[in-house]
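Numbering starts at 1 and runs along the sequence shown. Counting starts at 1 for both ligands and their atoms, in listed order.
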Amino acid sequence: MLLDVKGLRVNYRTVYGNLEAIRSLDFSVEKGESVAIVGESGCGKSSLGHAIVRLLPPNASYEGSVTVDGKDVFTLKGRELRAYRGSEAFMIFQDPLNSLNPVKRVDRQMLEAIRTQRLMRGESYDEEEATRVVIDGLKGVRMPDPEIILRRYPHELSGGQIQRVVIAMALVMKPKILIADEPTSALDVTIQAQVMKLIKELKAEYGMSVLFITHDMAVAYTVADRFLVMYAGELSELGPVDRVVTDPLHPYTVALVNSIPHKSKKEGDLVSIPGSPPNMLSPPGGCRFHPRCPKVMDVCKAENPAIKQAEDRLLRCHLYD
Ligand code: SF4
């Protein structure tokens, strides 16, 4: 097992009160495995990614444990924490431009990342050799003319090129786990498909584990081995992608799958999920999905279901009690 999340809770102090982003979450990712965290906005998936790389904002508090390759992430401090980020867990953010410094050329940023990593590991640094590594990294993400790209500033690159530079950075840092938080949502559909293909190829080629965070099940389907469906800060369903898509069991997953557009679906087959996700400052009692669930029962309003193993997956739903 590479990533192990146990009893994770994340709360934010806000002027309106305590916002519970993740109530309690347990799951793991194996070496070389890809797990997609899916759910609507506000379900806690980005908080999960930020907690794993310890980049939660100062108003956040967290409990539970996150271990990456046996390392207890929440106890890391200073130099150890900086070495962990990038070297062991690398996060790609939603807006690729935010991942780069706008006033530094691409080569300076990539070389600086390698230099810092090597110094922290007590290894020697040679700029010529590191430049070769960076060029190989850009070639690895199928970037044409890497020598020219290296001399450019981020604003001189397209969105797709910037996201490739960020993925190339992940490639040269060789993290154990790549956390990609909506990495294609700021890109057009053609570039989106290219970036997804790239992440899939890199996973296969380098055996990296991937945690793919997205609201879009159709996009995640192409890279993931398992889906972890989250609703209102909790796990709803966890299982193999093919099984979850062809035979969703949790009513929320059923609604998500029904809302995926597909050429085989006729007009009227696409159903949007009624209502909206709850306000996490005062989430509903019982099952958090009950105000929107077409299968709601009396028990759902009174008791939050526990997680159960049903067939080949984990589920949080009274239908499977
Ligand atoms: Fe629906 Fe009840 Fe299951 Fe919640 S526990 S998803 S309300 S059936």
Exercise: do [X] and [Y] side chains pair donor with acceptor under 3.5 Å:
X    : Y    : value
H215 : E182 : yes
N11  : Y62  : no
R292 : Y231 : yes

Environment of atom 4 (Fe) of ligand 1 in terms of protein N/O/S atoms, cut-off under 2.8 Å: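 Listed by chain and number, the atoms are C287 SG.
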Cationic N near anionic O, under 4.0 Å, [X] to [Y]:
X    : Y    : answer
D69  : K31  : yes
E88  : K174 : no
K203 : E33  : no

